[in-house]
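First the proteins, then the strands, lettered A, B, ... as listed; each starts at 1. Since we're looking at a predicted model, the values are computed, not measured. For the numbers below, each heavy atom of this structure counts, side chains included, while hydrogens, waters and symmetry mates do not.
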There are 2 protein chains.
Amino acid sequence: MAMTNMDDGRVFQIGELAEEFGLTLRTMRFYEDYGLLKPERDGFARRYKHRDRAKLSLICRAKRLGFTLEEIKQFLELYAIGDHQVGQMQYLLDRARARAVTIEQQIEDGKQTLNELREIEAQIERHLTKQSGPHDTDAADGKAKGRELP
Amino acid sequence: MAMTNMDDGRVFQIGELAEEFGLTLRTMRFYEDYGLLKPERDGFARRYKHRDRAKLSLICRAKRLGFTLEEIKQFLELYAIGDHQVGQMQYLLDRARARAVTIEQQIEDGKQTLNELREIEAQIERHLTKQSGPHDTDAADGKAKGRELP
DNA sequence: GCCGCACCTTACGTTAACGTAAGCTGCCAG
DNA sequence: CTGGCAGCTTACGTTAACGTAAGGTGCGGC
């Protein structure tokens, strides 16, 4: 009668979920303080139910996507008020698109940076091979300084 | 004899270089405290010479490449001791390559994230178009909650 | 009856790269 | 001489997302 193994009625304690999602206890509690989670209490201990676990899953995923906790909080609030709020849904879509734009930008920047780095690598390599030939044992004490960077 | 317009003998004051490189005075001084720059002093005022300007240029470039100030500091020290230190040069090359790997990773992560975001966008759009047809005026007060995130 | 474990709370510490405010100096124009 | 600007120093504040430490609770086992 106690139904302790029905999947929907399953309760988790903090350590279980922390391990499942690769978080620390501190992080779980922090999310609660932040307003992302509100598990019930069994006396003093937190009791996470199926819905809390789903929320936590969303939080982790959004974090992987690079959203801030503040944004995630707003997302959760949007979901909490229900889908009939089309305007809010539109807002959520906007946020996702904005994030996509940011990431595209970052990718472009990264490619540009990579190109510059490749050039620098090449220059250093030329520098090294040039010196590995005629290696002056200790010449040019103070005058070698002042060379412009690649 | 004073040679005040020889390009090599030109001295800059802090505000000039700050504007040229798009930095604040605070930032310039911070870099000095951090050990990246050591301009001479004319009494109390900082006097930046041609070499300092070149260094600053390197610093800004390295920052654009995503290196930390700590790394940049080490680079500058490597340059200061001269090129005959092949081992150090090799180290510098390693750092550049490591940074390149990091950026490649970031680009890959970004692409992955973009894919996930695209999916989410699509789902939200489906959600919106579905609702824009038969819009229920205010039904489903409390039971609409609990929907799993896309 | 005590051990140890899993959990709890409160609250200060951390990192990077500056921002910002308060109060001072030196110099030049009017 | 006064105003104003450009520069100076010192030192605390900021942001995000937790880390870490100190000290307390409840419970099951030996």
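- Side chain of B:Ser57 to main chain of B:Arg53: no donor-acceptor pair is present (N/O by atom type, distance under 3.5 Å, no hydrogens or angles).
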Are B:Arg46 and B:Arg29 close enough, and set up right, to give a side chain to side chain contact (heavy atoms under 4.5 Å, CB included), and what steps lead you there?
-> CA-CA 9 Å; B:Arg46 292 168 175 82; B:Arg29 297 184 189 121; 3.8 Å; yes

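- Distances were taken from every side-chain heavy atom of B:Arg46 (C-beta onward) to each of C:dT20, D:dC8, C:dC8; the shortest belongs to D:dC8.
- Summarising the geometry, the separation between CD on B:Glu71 and P on C:dA17 is reported as 9 Å, rounded to the nearest angstrom.
- The existence of a salt bridge linking B:Arg99 and B:Glu71 is excluded, since no basic side-chain nitrogen approaches an acidic carboxylate oxygen closer than 4.0 Å.
- On a pure distance criterion of 3.5 Å, no polar donor-acceptor pair joins the side chain of B:Arg29 and the base of D:dT9.
- The side chain of B:Lys63 lies closest to C:dC18 when the candidates are C:dC18, D:dG19, D:dC8.
- Remark: the backbone N or O of B:Leu76 is not paired with any side-chain donor or acceptor of B:Lys55 at under 3.5 angstrom.
- A close approach under 4.0 Å does not occur between any side-chain nitrogen or oxygen of B:Thr27 and OP1 or OP2 of C:dA17.
- Atom P of nucleotide C:dA16 and atom NZ of B:Lys73 are separated by 12 Å, given to the nearest angstrom.
- Residue A:Tyr34 places none of its side-chain N or O atoms closer than 4.0 Å to OP1 or OP2 of D:dA16.
- Looking at the side chain of A:Ile14, the nearest of the listed nucleotides D:dG19, C:dT20, C:dC8 is C:dC8.
- Between A:Phe12 atom CZ and C:dA6 atom C1' there is a gap of 18 Å when expressed in whole angstrom units.
- With C:dC7, D:dA17, C:dG19 as the choices, the nucleotide that has an atom nearest any side-chain atom of A:Leu25 turns out to be C:dC7.
- In this structure, the CG atom of B:Leu23 is 11 Å from the C1' atom of C:dC18, given to the nearest Å.
- With distances taken from any side-chain atom of B:Ala45 to the nucleotides D:dG7, C:dC18, D:dG19, the minimum falls on D:dG7.
- Rounded to whole angstrom, the span from the CG atom of B:Leu69 across to the P atom of C:dC18 amounts to 6 Å.
- The side chain of A:Phe30 approaches D:dA17 more closely than any other nucleotide in the set C:dC8, C:dA17, D:dA17.
- Contact between the side-chain N/O atoms of B:Thr24 and the OP1/OP2 oxygens of C:dG19 is found at a separation under 4.0 Å.
- Within 4.0 Å (heavy atoms only), A:Gln13 reaches sugar-phosphate atoms of the nucleic acid but no base atom.
- Between A:Gly15 and B:Thr68, the residue anchored nearer the 5' end of DNA chain C, judged by the nucleotide with its closest heavy atom, is A:Gly15.
- For the pair A:Glu32 CD and D:dC18 P, the computed distance is 15 Å after rounding to whole Å.
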Dump the intermediate steps for side chain to side chain contact (heavy atoms under 4.5 Å, CB included) on B:Tyr31 and B:Leu69, then the final yes or no.
-> CA-CA 8 Å; B:Tyr31 288 168; B:Leu69 295 187; 3.7 Å; yes

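- In this structure, B:Phe44 and B:Phe67 both approach DNA chain C, and ranking their closest nucleotides by distance from the 5' end singles out B:Phe67.
- Among the protein residues, B:Arg41 comes within range of the sugar-phosphate backbone only, with heavy atoms under 4.0 Å from sugar or phosphate atoms but none that close to a base.
- Rounding to whole angstrom units, CG of residue A:Asp33 and P of D:dA16 are separated by 16 Å.
- The CD1-P distance, from B:Ile72 to C:dC18, rounds to 9 Å in whole Å.
- Between A:Glu104 and B:Arg118 there is a salt bridge, since a side-chain N of the basic residue sits under 4.0 Å from a carboxylate O of the acidic one.
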